Amino acid sequence: MVRWTFRDVDEADSTQAVAREMAVRGAPEGTTVVARSQSSGTGRLGRRWVSPIGGLYMSFILRPGGIARPELFTLVTAVAVVEGVHEVTGLAPSIRWPNDVLVGGRKLGGVIAEAQAYRQEISQVIVGVGVNCNTSESEMQALRGEATSIGMELGRRIEISRVRLAILDSFSALYDRWKSGRDLGQTWRQKVATLGSDVSIKLKSEEGAFSGTARGIDDDGNLIVSRGKGTMTISAGDLEWLRERHHPIRQSTTNPSEPDRKSPPF
Ligand code: BTN
């Protein structure tokens, strides 16, 4: 199990930046920076992560060495968020590949993972997790109906530290299984709502969007999309946005609106 140690701060510019600095100075695996709010929270692809008091904002350091498929950190952590939130709240979130955690089609949280390698080995990974816990409805409205919080879903406040611990416990168990070579594919495939959906995707490398049906996730964590008679393999870094149009497996996870690319990450 990971031995978690905490650095709690009132406000950080970004817990990700603080943890990165600590990692460079040699902080051990399990070091976790937690902030009550962030002034410059960042999401994937450089987007802003709105971080008022009431959310969970944490970044933890891992030193996984020669772990297989390090590109799966985002997905594995998203699974831990789904499990941890479920354990504390009874809600049943799902994952919009590769890193969004949704409830009822709205974004409840997100995950970012930044790895640094040295001579073929991953020397450190900084994993960042943001979850809207007690964030108010008015703060969510500023994100134009695309976000939700645990408080909004349950109609009551929850203890943020319980969500934090449940996510870290779940992550620790998954990480142990992963390091011992067990296949986690089944675990995360079950939680990815995107599979089976018609999706509209824009790749950074191409003009215009294309549509297809999300068919699966390969062993390296890439999304497989079928399009006509062909299939395309998409890695998380290539994706600029994604819209689910219809979800035949779990209707509640359909995303009703197309994200505005200029808006905050919700
Ligand atoms: C995303 O969905 O784009 C990922 C969002 C990750 C946000 C978290 S909040 C804690 C940590 N610090 C940051 O600045 N970002 C991550």
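In listed order, ligands and their atoms are each counted from 1. Everything quoted here is computed from the prediction, not taken from an experiment.
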| message | Show the atoms of ligand 1 that are less than 4.0 angstrom away from any heavy atom in Thr15. | response | 10 (C), 11 (C), 12 (N)
| Looking only at atom types and distance, does a side-chain atom of Arg96 sit under 3.5 Å from a main-chain N or O of Gly105, one as donor and one as acceptor? | no
| message | Below 3.5 Å, N or O to N or O, backbone or side chain included: is there any such pair between Gln38 and ligand 1? | response | yes
| request: Would you mind running through ligand 1 and noting each atom that sits below 4.0 Å from a heavy atom of Gly43? | output: 1 (C), 3 (O), 4 (C), 5 (C)
| task | Please check if Ile224 and Trp97 belong to a single hydrophobic cluster, counting links between Ile, Leu, Val, Met, Phe, Trp and Tyr side chain heavy atoms closer than 4.5 Å. | result | no
| request: Go through ligand 1 atom by atom and flag the ones less than 4.0 Å from a non-hydrogen atom of Ser59. | output: 11 (C), 12 (N)
| query | Between Tyr57 and ligand 1, is there a nitrogen or oxygen pair with a distance under 3.5 Å? | reply | no
| Hey, is Arg106 close enough to Glu153 for a salt bridge, meaning N to O under 4.0 Å? | no
| Can a non-hydrogen atom of Arg47 be found less than 4.0 Å from any atom of ligand 1? | no
| Subset of ligand 1 atoms that lie under 4.0 Å from at least one heavy atom of Val111 | 4 (C)
| Close-contact set for ligand 1 against Lys107 heavy atoms, below 4.0 Å | 1 (C), 2 (O)
| message | For a quick check under 3.5 Å, do Arg177 and Thr187 share a side-chain donor-acceptor pair by atom type? | response | yes
| request: Would you mind running through ligand 1 and noting each atom that sits below 4.0 Å from a heavy atom of Gly130? | output: 8 (C), 9 (S)
| query | Can you find an N or O of Ser40 that's nearer than 3.5 Å to an N or O of ligand 1? | reply | no
| For ligand 1, which atoms sit closer than 4.0 Å to a heavy atom of Asn99? | 1 (C), 2 (O), 3 (O), 4 (C)
| request: State yes or no: do Leu168 and Leu184 share one hydrophobic cluster built from I, L, V, M, F, W and Y residues joined by side-chain heavy-atom distances below 4.5 Å, directly or via other members? | output: yes
| message | Is it true that Gln116 and Ser123 share a donor-acceptor pair across their side chains at a distance under 3.5 Å? | response | no
| Thr42 neighbourhood, listing ligand 1 atoms whose heavy-atom distance to it stays under 4.0 Å | 6 (C), 7 (C), 13 (C), 14 (O), 15 (N), 16 (C)
| said: Quick check on the hydrophobic clustering: are Ile61 and Leu72 connected, directly or via other members, by side-chain heavy-atom contacts under 4.5 Å? | reply: no
| task | Give me the ring orientation class for Phe60 and Trp4: parallel if the planes are under 30° apart, tilted from 30 to 60°, perpendicular past 60°. | result | perpendicular
